[in-house]
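Proteins get letters first, then strands, A, B, ... in listed order; numbering begins at 1 in each.
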Amino acid sequence: MPARDLPAPALATLCHEPFFADGWLYERKLDGMRVLAERRGTSTTLWSRSGRDVTESFPEVAEAITTRAVGEVLLDGEVVAFDGPHTSFARLQPRIHARGAAARARRTPVFYYLFDVLRADGADVRDEPLTARQRLLRATVRTGDPLRLTPHRVHADATYLGEVCARGWEGLVAKRADAPYGRGRTTDWLKFKCEAGQELLVVGWTDPEGSRRGLGALLLGYHETAGSDEVVYAGKVGTGFSERVLRDLRARLEGLARSSSPCTRGRLPTAGAHWVRPELVAQLAFTEWTSGGQLRHPRFLGLRTDKDPAEVVREG
DNA sequence: TTCCGACAGTGGGGTCGCAAT
DNA sequence: ATTGCGACCCCACTATCGGAA
């Protein structure tokens, strides 16, 4: 069922230079799925970020909103699953995709972390400042699992962000305390992400598509141990290049081409791969290693000329 | 004139469901 | 029974253009 009159959720802007200032509130960044909950009459509909009805995926959340919220409301929050102390998108994924009976059969527990309200008592409250909306939110919903309020702190600093990352959190979201609810992407909400980084071997490339020039993605790998002949495939990176860098990389890789993969382990891409001798070292930033041993949300930062390819091993 | 925000386009991993093999 | 593919989630980034500053 298509969403009608559904406001778009406010989206935070990624910020690579964290700052801490008065007038901002800081929340834990949760690694789950963005969900708007719309309570009308005596039922609740859950909406995904793109306006898809996802009530069937999280029926217990919808039921909890129906019984624990009051009036006609539109709430904003993140549905998460836990792996130990950490929110885990991988754990949540089966719940996202499975519908109806299949969803009920796989009862991975989920929680709905509420952090905002767009409509309360039938009225649009998006132009109220954040702090006022937070009060409205607390007055509108009785928490209790699976409903939880997203805690925030008024003061934070770089040390706190460091602690948060050491704890394995995904990062922080900074929100301007006096800002109205954003229409789509907004700089009133900023994401400070905990990122991992490391050097990896370039083991190949894929062809560009559409208007892209040079190459589509770099294929990456690392040595099982330093100096070892064993090369483990580590996935691809397809973003972070300027057009000029794309063309330069392609030219250099042509000169290193070989007919077969240098990788001895890992699940390799099935089609469209060109392989090279593993002599170039790339610097990468990414959020985490997936359970399949590949990079999640990778971006290319540049080539390293000061690093011996033989020494490239997995760090995390 | 310069800068910024919105948009389009291209790229990633993973899961599920379904059609084709 | 297996495989391939699209549709979703989560995203990353660059290039471009028009309007704001």
Do [X] and [Y] meet the cation-pi criteria used here (NZ or CZ under 6.0 Å from the six-membered ring centre, within 45° of the axis)?
X	Y	answer
A:R148	A:F111	yes
A:R95	A:F58	no
A:R52	A:W47	no
A:R258	A:W275	no

Under 3.5 Å, is there any donor-acceptor pair linking the side chain of A:Q294 to the base of B:dG13?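 No such pair is found, so the answer is no.
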Please determine whether any donor N or O and acceptor N or O are separated by less than 3.5 Å between the side chain of A:H97 and the base of B:dG17.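 Such a pair does not exist between side chain and base.
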Could you state the [atom1]-[atom2] distance from [X] to [N], rounded to the nearest angstrom?
X	N	atom1	atom2	result
A:L218	B:dG13	CG	P	12 Å
A:L92	C:dC8	CG	P	17 Å
A:E209	B:dA8	CD	C1'	16 Å
A:R296	B:dG11	CZ	C1'	16 Å
A:L295	B:dG11	CG	C1'	13 Å
A:F89	B:dC16	CZ	C1'	12 Å
A:L268	B:dG12	CG	P	15 Å
A:L249	B:dG11	CG	C1'	14 Å

Side-chain heavy atoms of A:R49 within contact of A:L11, under 4.5 Å: yes
Within-4.5 Å side-chain heavy-atom neighbours: A:I65 and A:L147: yes
Nucleotide of B:dG12, C:dC10, B:dG13 approaching A:Q93 most closely (side-chain heavy atoms):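 Closest nucleotide to the A:Q93 side chain: B:dG13.
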Please figure out whether A:A217 or A:A90 has its closest DNA chain B nucleotide nearer the 5' end. A:A217
Let me have a per-nucleotide readout for nucleotides 12-21 of chain C, 5' to 3', with B, S or -, counting only protein heavy atoms under 4.0 Å. BBSS------
Is A:G32 touching bases, backbone alone, or none of the nucleic acid, heavy atoms closer than 4.0 Å?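 Sugar-phosphate, backbone atoms only, no base.
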Is the phosphate of B:dT10, meaning OP1 or OP2, less than 4.0 Å from a side-chain N or O of A:K236? no
Give a yes/no answer on whether the side chain of A:R49 brings an N or O atom under 4.0 Å of OP1 or OP2 in C:dC11. yes
Nucleotide opposite B:dC7 in a Watson-Crick or G-U pair, distances under 3.5 Å: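 Partner of B:dC7: none found under 3.5 Å.
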Tell me whether A:R68 contacts the main-chain N or O of A:T66 through its side chain, where contact means a donor paired with an acceptor under 3.5 Å. no
